[in-house]
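Here's the structure, in structure tokens; my notes come after.
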Amino acid sequence: QVQLVESGGGLVQAGASLRLDCVASRRDQDINSMAWFRQAPGKEREFVAAIRFRDGTTHYSDSVKGRFTISRDITKATLYLQMRDLTADDTAVFSCAAGRGVILTDDPNKYESWGQGTQVTVSS
């Protein structure tokens, strides 16, 4: 497994933008896809977005499509999530995940490596 560390969370006002970073401890040639999930208080973990490392193909949940952009820098072994037009409903702990056998799945059980998460709080 690869170690993942997220950063970039914080407290912002509604309508603001924020970028989350997820740095992998090493470049792993076997990683197929990486993804962002989030979990709000009292709610189940929710898929946000995924990207296939090889060619950058992306997949988004309907709730963030058009507002969030997932991207990656292979040379830096880093995953990004650019978020805009944030609302209070986006308040959650955001976690990144990496998987070797998965391809753009929204099933968290398919990802082997997880970060600790970073808190995003949006005030209305």
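Numbers here simply count residues along the sequence, with the first being 1.
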Specify whether F37 and F47 have parallel, tilted or perpendicular ring planes, treating 30° as the upper limit for parallel and 60° as the lower limit for perpendicular.
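Judged by the thresholds at 30° and 60°, the geometry between F37 and F47 is perpendicular.
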
Please determine whether the number of non-hydrogen atoms from other residues, nucleotides or ligands lying under 6.0 Å from atom CD of Q116 exceeds 12.
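For Q116, atom CD is not crowded (no more than 12 foreign heavy atoms under 6.0 Å).
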
Spacing of [X] atom [atom1] and [Y] atom [atom2] [to the nearest 0.5 Å]:
| X | Y | atom1 | atom2 | result |
| --- | --- | --- | --- | --- |
| R45 | K43 | CZ | NZ | 16.0 Å |
| Q13 | S123 | CD | OG | 5.0 Å |
| T69 | Y80 | OG1 | OH | 14.0 Å |
| T91 | Q119 | OG1 | CD | 7.0 Å |
| R67 | K65 | CZ | NZ | 12.5 Å |
| D90 | E46 | CG | CD | 9.0 Å |

Which atom pair, heavy atoms only, marks the closest approach of [X] to [Y]?
| X | Y | value |
| --- | --- | --- |
| A50 | Y111 | CB-OH, 3.8 Å |
| P108 | D106 | CD-O, 3.3 Å |
| A14 | S124 | CB-CA, 4.2 Å |

Does any part of the side chain of N32, heavy atoms only, come nearer than 4.5 Å to the side chain of R100, both counted from C-beta?
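Heavy-atom side-chain distance check fails, nothing below 4.5 Å.
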
With a 4.5 Å cut-off on side-chain heavy atoms, are R52 and I103 touching?
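A side-chain contact under 4.5 Å exists here.
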
Between the side chain of S33 and the main-chain N/O of G99, is any donor-acceptor distance below 3.5 Å?
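Judged by distance alone, no pair lies under 3.5 Å.
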
Report the hydrophobic cluster partners of W36, with the cluster defined as I, L, V, M, F, W, Y residues connected by side-chain heavy atoms closer than 4.5 angstrom, directly or transitively.
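Hydrophobic cluster check, W36: joined to V2, L4, V12, L18, L20, I31, M34, V48, I51, F53, Y60, V64, F68, I70, I74, L79, L81, M83, L86, F94, V120, V122.
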
Candidate pair R38 and S63, rule side chain to side chain contact (heavy atoms under 4.5 Å, CB included), full reasoning:
CA-CA 12 Å; R38 66 185 180 184; S63 63; 3.6 Å; yes

Any side-chain donor near an acceptor of the partner, D55 and T57, under 3.5 Å
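Per modelled atom types, D55 and T57 side chains form a pair under 3.5 Å.
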
